[in-house]
Structures are given as C-alpha cells and as structure tokens.
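Reckoned from all heavy atoms, side chains included, excluding hydrogens, waters and symmetry mates.
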Amino acid sequence: MVYITSWDDFVERSVQLFRADPEKTRYVMKYRHSDGKLVLKVTDDKECIKFKTDQAQDAKKMEKLNNIFFTLMSRGPDADISEVGGKEQMEAQAPKKGRGRKQ
C-alpha cells in the first residue's frame with residue numbers, strides 16, 4: 001500500500017494499473033465526514049496505490065478520475081482518455097436543439 005502525494009502521478013499510475021489487468025482492478029472512494037478526508041484507492045490485489053486529501057478543490061479532480069474510469073470500463077482498456085473531461089467541459093458544449101415542444 002503506497003500513498004502517492006502527487007495527483008498527476010496517482011492518475012497516471014492508476015490508469016496503468018487498470019490497463020494492465022482490467023478484470024481484477026477496482027477503484028474505491030472513502031470519505032470521512034468527521035475528519036473531512038477523502039481517500040481514493042486503486043488495487044488489483046497485487047499492487048495498491050492510494051491518494052489522501054482534505055482539500056475540497058480535489059473533488060473536481062476526483063470527478064475527472066471517475067470519468068476516466070467510466071470511459072476505460074465502457075470502451076475498453078485501450079480507449080483514448082485524452083478527451084475525457086469533467087463537468088465544466090460538458091457544460092461548455094453547446095446544447096443540442098431537439099424537435100421538442102417550444103416553451
């Protein structure tokens with residue numbers, strides 16, 4: 001069990017761990033409200049890496065990591081994750097115009 005202090009290193013190593021063995025890799029989030037600490041853990045039962053933070057701004061980073069894992073799990077471990085973004089990127093896209101009822 002290794003705590004990684006750099007967020008970028010944690011994301012890079014967790015993606016590598018998932019791509020090496022996608023069937024056995026799991027991603028766990030644990031938040032303790034009493035301490036205000038968030039712990040993210042990625043493991044494949046051979047290697048375990050963790051990231052611990054108490055900063056509220058890291059919640060957006062966690063959301064981006066969730067999106068990366070959702071992409072890898074749904075499209076496969078060889079999917080391109082360079083286009084994966086967080087909530088702010090989704091909101092920046094223009095809304096699609098449908099054929100629905102005008103209000």
Side-chain angles (χ1 to χ4, degrees):
M1 177 169 37
V2 177
Y3 277 101
I4 297 178
T5 56
S6 168
W7 174 256
D8 294 330
D9 290 342
F10 176 74
V11 171
E12 183 180 327
R13 289 190 56 190
S14 62
V15 168
Q16 287 175 356
L17 195 63
F18 180 81
R19 285 186 168 158
D21 193 2
E23 294 292 323
K24 293 194 176 208
T25 304
R26 54 188 190 277
Y27 166 57
V28 180
M29 294 177 286
K30 185 164 77 170
Y31 179 71
R32 288 184 47 118
H33 183 70
S34 60
D35 299 335
K37 296 207 185 291
L38 174 69
V39 178
L40 305 175
K41 178 172 88 170
V42 179
T43 183
D44 66 351
D45 293 331
K46 297 175 192 163
E47 184 178 357
C48 179
I49 55 175
K50 287 185 170 186
F51 179 79
K52 182 176 11 178
T53 185
D54 58 355
Q55 303 297 315
Q57 64 202 20
D58 287 337
K60 287 191 185 262
K61 294 178 182 177
M62 181 199 68
E63 181 182 356
K64 186 172 180 180
L65 183 64
N66 283 344
N67 290 339
I68 288 171
F69 275 117
F70 289 150
T71 301
L72 289 172
M73 290 176 188
S74 62
R75 296 184 189 166
D78 298 326
D80 180 25
I81 58 170
S82 62
E83 63 207 30
V84 176
K87 185 177 178 183
E88 66 277 348
Q89 185 178 4
M90 296 299 286
E91 290 173 350
Q93 294 176 352
K96 294 181 181 179
K97 295 189 177 188
R99 298 186 72 197
R101 209 172 88 196
K102 291 185 180 180
Q103 295 181 355

Within the structure provided, determine whether Thr53 and Lys61 are in side-chain contact (heavy-atom separation under 4.5 Å). no

From Met62 CE over to Trp7 CH2, what is the distance, rounded to the nearest 0.5 angstrom? 8.0 Å

Minimum heavy-atom separation for Leu17 and Thr25, please, with both atom names. O-OG1, 3.3 Å

Heavy-atom side-chain proximity of Arg26 to Asp45 below 4.5 angstrom: yes

Distance in Å, Glu12 CD paired with Ile4 CD1, rounded so as to fall on 0.5 Å steps: 9.5 Å

same_hphob_cluster(Tyr31, Leu65) at 4.5 Å side-chain heavy-atom cutoff: yes

Side-chain heavy atoms of Ile49 within contact of Ser14, under 4.5 Å: yes

Can you hop from Met29 to Leu72 via hydrophobic side chains spaced under 4.5 Å? yes

Group every Ile, Leu, Val, Met, Phe, Trp and Tyr by side-chain heavy-atom contacts under 4.5 Å, then state whether Phe18 and Phe70 land in the same group. no

Phe51 versus Asp9: any side-chain heavy-atom pair under 4.5 Å? no

To the nearest 0.5 Å, tell me how far Tyr3 OH sits from Leu40 CG. 10.5 Å

Do the side chains of Asp35 and Asp54 get nearer than 4.5 Å, heavy atoms only? no

Report whether Phe69 and Val28 are members of the same hydrophobic cluster (ILVMFWY, side-chain heavy atoms less than 4.5 Å apart, transitive linking). no

Do Lys30 and Lys41 come close enough that some side-chain heavy atom pair is under 4.5 Å? no

Group every Ile, Leu, Val, Met, Phe, Trp and Tyr by side-chain heavy-atom contacts under 4.5 Å, then state whether Phe10 and Val15 land in the same group. yes

